[in-house]
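Since the structure comes first, as structure tokens, the remarks are kept for the end.
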Amino acid sequence: MAAARRTEAGSSAAPNAAIAAIWRVVAALRRGTVASYGTVAARAGLPRRARYVGAALRMAPRSLDLPWHRVVAAGGRIAFKPGSAAYREQRRRLVAEGIVVVRGRVRLPRAADLDALLWGGGC
DNA sequence: GTTGTGACATTAT
DNA sequence: CATAATGCCACAA
């Protein structure tokens with residue numbers, strides 16, 4: 001086999017293990033639940049890789065139906081620029097999910113609660 | 001190997 | 001509470 005690796009940046013159907021792990025964690029977020037990039041990265045086995053989560057979500061196809069809108073920055077702040085299309089899109093979806101959004105911030109559960117939400121709900 | 005960039009996080013002011 | 005600066009880590013040119 002002649003070196004079939006590269007950076008795995010093109011094929012959406014054959015992502016990296018890290019990307020797959022991130023998608024898995026994001027897909028595990030249930031309705032009414034939100035998590036920060038750092039938390040998602042940590043749960044995906046990638047500590048300190050919050051930025052990588054964003055890249056993974058960006059490259060993720062809509063076919064996966066990933067709840068990317070449930071992933072926010074630290075403190076529940078939306079990572080997108082206020083007023084931007086993506087910003088309003090995410091906020092709209094969050095509100096539609098029953099999540100309270102105020103001034104670009106969402107009610108982000110504490111680490112303990114988040115742990116319970118992620119692991120106490122099902123797996 | 002260096003430089004620049006990014007859907008972040010944390011700390012300081 | 002908002003903004004600035006710094007740190008972090010991976011990837012692209």
Side-chain angles (χ1 to χ4, degrees):
Chain A
M1 306 279 290
R5 61 174 163 128
R6 297 185 202 145
T7 32
E8 278 77 31
S11 306
S12 310
N16 233 17
I19 305 296
I22 291 169
W23 290 356
R24 192 165 125 100
V25 173
V26 175
L29 295 174
R30 300 168 71 197
R31 184 173 177 281
T33 311
V34 290
S36 64
Y37 288 89
T39 305
V40 172
R43 290 310 317 158
L46 302 164
R48 300 302 193 268
R49 238 114 284 105
R51 290 183 124 133
Y52 201 65
V53 175
L57 290 176
R58 185 172 187 180
M59 80 184 323
R62 288 178 175 284
S63 306
L64 294 177
D65 219 2
L66 284 179
W68 58 272
H69 54 271
R70 289 180 190 147
V71 184
V72 293
R77 278 186 15 262
I78 296 180
F80 294 110
K81 196 169 107 178
S84 195
Y87 177 92
R88 292 194 316 206
E89 175 86 23
Q90 183 171 15
R91 183 181 69 163
R92 187 178 156 82
R93 283 183 168 228
L94 288 171
V95 174
E97 293 283 309
I99 300 173
V100 182
V101 183
V102 179
R103 257 171 89 73
R105 291 199 192 169
V106 303
R107 292 283 199 149
L108 189 65
R110 293 183 174 282
D113 291 337
L114 192 98
D115 194 34
L117 286 168
L118 288 174
W119 294 99
C123 177

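Residue whose closest nucleotide on DNA chain B sits further toward the 5' end, between A:Gln90 and A:Arg77: A:Gln90.
In this entry the distance linking NZ of A:Lys81 with P of B:dC8 reads 14 Å, nearest Å. Here the P atom of nucleotide C:dA10 and the CE atom of A:Met59 are 16 Å apart, to the nearest Å. Atom pair A:Arg88:CZ and B:dA7:P shows a separation of 19 Å (rounding to whole Å applied). Rounded to a whole Å, the OH atom of A:Tyr37 is 20 Å from the P atom of C:dC9. In this structure, A:Leu46 atom CG and C:dC9 atom P are separated by 12 Å, rounded to whole Å. Rounding to whole angstrom units, CZ of residue A:Arg48 and P of B:dC8 are separated by 16 Å. Rounded to an integer number of Å, the gap from A:Leu57 CG to B:dC8 C1' is 12 Å. B:dC8 atom P lies 21 Å from atom CZ of A:Arg43, rounded to whole Å.
Checked against A:Glu97 for a side chain to side chain contact (heavy atoms under 4.5 Å, CB included), the options A:Arg92, A:Arg31, A:Arg30 give a single hit: A:Arg31.
Linking Ile, Leu, Val, Met, Phe, Trp and Tyr residues whenever their side-chain heavy atoms come within less than 4.5 Å leaves A:Val71 and A:Val100 in two separate clusters.
Between A:Leu94 and A:His69, the shortest heavy-atom contact is CD2-O, 3.0 Å.
An OP1 or OP2 oxygen of C:dA2 is reached within less than 4.0 angstrom by a side-chain nitrogen or oxygen of A:Arg103. Taking side-chain N and O atoms only, A:Arg105 has a distance below 4.0 Å to OP1 or OP2 of C:dA2.
Here the nucleotide nearest the side chain of A:Ala74, chosen from B:dA7, C:dC9, B:dT10, is B:dT10.
No N or O donor and acceptor, one from the side chain of A:Tyr52 and one from the base of C:dA10, sit under 3.5 Å apart.
Note on A:Arg51: a base of the nucleic acid sits closer than 4.0 angstrom, heavy atoms only.
Here the side chains of A:Glu89 and A:Trp68 are in contact, with some heavy-atom distance below 4.5 Å.
A:Arg49 places a side-chain N or O within 3.5 Å of a backbone atom of A:Pro47 that can act as its donor or acceptor partner.
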